[in-house]
**Student:** 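Next up is a structure, given as structure tokens.
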Amino acid sequence: MLKENSFGSRVFSEQPRVNNDVQGALSITAAMLEASEQENAAIAYGLKQQDPELLDRLIDTYQHRLMRYLTFLTGKRETAEDLFQETWMRVLMRGAQYNGKARFDTWLFTIARNLAIDLSRKRTMASLDELQDPGNDERPFEIAIDGPSPFEQFCSREDAAEVSAVLLDLHASYREVLVLRFHEEMALEEIAAVTKSPLSTVKSRLYRGLAALKPQIEKLRRERNLVPRTAAQGGLS
């Protein structure tokens, strides 16, 4: 689009292109949202019908994510495997309760978490009884991180084992939100739904978890003769 400046010369205006870019992005977002809603509705219908093929597809799609979450949540592989089986049994038996309004993975992880807490109460497992934030300060932290977080900096393929070890040393409440946020890429609102916690509590646990994670990761870097990055290079701000 051409327009005249104060000297009578014609110049190009970028406004239409910018508007088109924004409209295109909004259209893509709306299409993705609609596709997600249709997928959730299809899953809800299939579960109500107890479709065995659907359950097989869901297990195939979510098995690795669910097992990883349960392993980090409980800190024990054998316990995670037992809960994994029980979670899918609960999905099969109570699938009609899923209405498709929330994402399926949010509903699935909520079931898994509830089962883990029930088991912890039976076994009086301290690790899961400690899912309450040890900090008394529940002020809503606003997390502002320029660049990758300490978790993302260290979470490359070759460092997966080290990151797992560091996570397992963290308090259970911090470990859980870090896994849901960075492994599962859940929004803070979705994490709040899974953990049945206020959004301010989720933000607080994420902030405290990153703060606890940073020195552990830097220690591993030093042990591996890596140069630690400063906060200005992508750590906590």
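The structure displayed is predicted, hence computed values, not measured ones.
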**Student:** How far apart are the closest heavy atoms of G209 and L170, and which atoms are they?
**Tutor:** O-CD1, 4.2 Å

**Student:** Where does the angle between the aromatic ring planes of F84 and W88 fall among parallel (under 30°), tilted (30 to 60°) and perpendicular (over 60°)?
**Tutor:** perpendicular

**Student:** Just by distance, no angles: are the side chains of R208 and S204 close enough, under 3.5 Å, to form a donor-acceptor pair?
**Tutor:** yes

**Student:** Given E189 and V202, is the side chain to side chain contact (heavy atoms under 4.5 Å, CB included) satisfied, shown in steps?
**Tutor:** CA-CA 9 Å; E189 293 79 6; V202 172; over 6 Å; no

**Student:** For residues I117 and M89: do they belong to one hydrophobic cluster (side chain heavy atoms under 4.5 Å, members Ile, Leu, Val, Met, Phe, Trp, Tyr)?
**Tutor:** no

**Student:** Between L83 and L92, is there a shared hydrophobic cluster once you connect ILVMFWY residues whose side-chain heavy atoms come closer than 4.5 Å?
**Tutor:** yes

**Student:** Would you say L210 ends up clustered with L168 if hydrophobic residues are merged whenever their side chains have heavy atoms under 4.5 Å apart, either directly or through other cluster members?
**Tutor:** yes

**Student:** For R65, which of L108, V179, D105, L70 qualifies under side-chain contact (heavy atoms from CB on, under 4.5 Å)?
**Tutor:** D105

**Student:** State the CD-OG1 distance between E176 and T195, to the nearest 0.5 angstrom.
**Tutor:** 6.0 Å

**Student:** Go through E184 and I191 one step at a time and tell me if the side chain to side chain contact (heavy atoms under 4.5 Å, CB included) criterion holds.
**Tutor:** CA-CA 10 Å; E184 302 307 323; I191 297 174; over 6 Å; no

**Student:** State the OG1-CG distance between T74 and L119, to the nearest 0.5 angstrom.
**Tutor:** 8.5 Å

**Student:** Nearest 0.5 Å, please: how far is OH in Y69 from CZ in R113?
**Tutor:** 5.5 Å

**Student:** Does some side-chain heavy atom of Y207 sit less than 4.5 Å from a side-chain heavy atom of K203?
**Tutor:** no

**Student:** Can you see which heavy atom on R175 is nearest to which on G75, and at what distance?
**Tutor:** NH2-N, 4.4 Å

**Student:** Show me the donor-acceptor pairs within less than 3.5 Å that the side chains of residues 39-54 make with the rest of the protein, sequence neighbours left out.
**Tutor:**
{"residue": "N40", "atom": "OD1", "partner": "Y98", "partner atom": "OH", "Å": "3.4"}
{"residue": "N40", "atom": "ND2", "partner": "S36", "partner atom": "O", "Å": "3.3"}
{"residue": "K48", "atom": "NZ", "partner": "Y98", "partner atom": "O", "Å": "3.0"}
{"residue": "D51", "atom": "OD1", "partner": "E53", "partner atom": "N", "Å": "3.0"}

**Student:** Here's a test for you: under side-chain contact (heavy atoms from CB on, under 4.5 Å), which of H64, R57, Q63 qualifies with D60?
**Tutor:** Q63

**Student:** Which atoms form the tightest heavy-atom contact between R205 and Y174, and what is the distance?
**Tutor:** O-CD2, 3.7 Å

**Student:** Find out if a path of hydrophobic residues (ILVMFWY) with successive side-chain heavy-atom gaps under 4.5 Å connects L199 to V177.
**Tutor:** yes

**Student:** Looking at L66 and A112, what are the two nearest heavy atoms and their distance?
**Tutor:** CD1-CB, 3.7 Å

**Student:** Roughly how far, to the nearest 0.5 Å, is CG of L180 from CG of L188?
**Tutor:** 10.5 Å

**Student:** OG1/T87 to CE/M67 distance, rounded to the nearest 0.5 angstrom?
**Tutor:** 10.0 Å

**Student:** Measuring from atom CG of L115 to atom CD of E86, what distance do you get when rounded to the nearest 0.5 angstrom?
**Tutor:** 4.5 Å

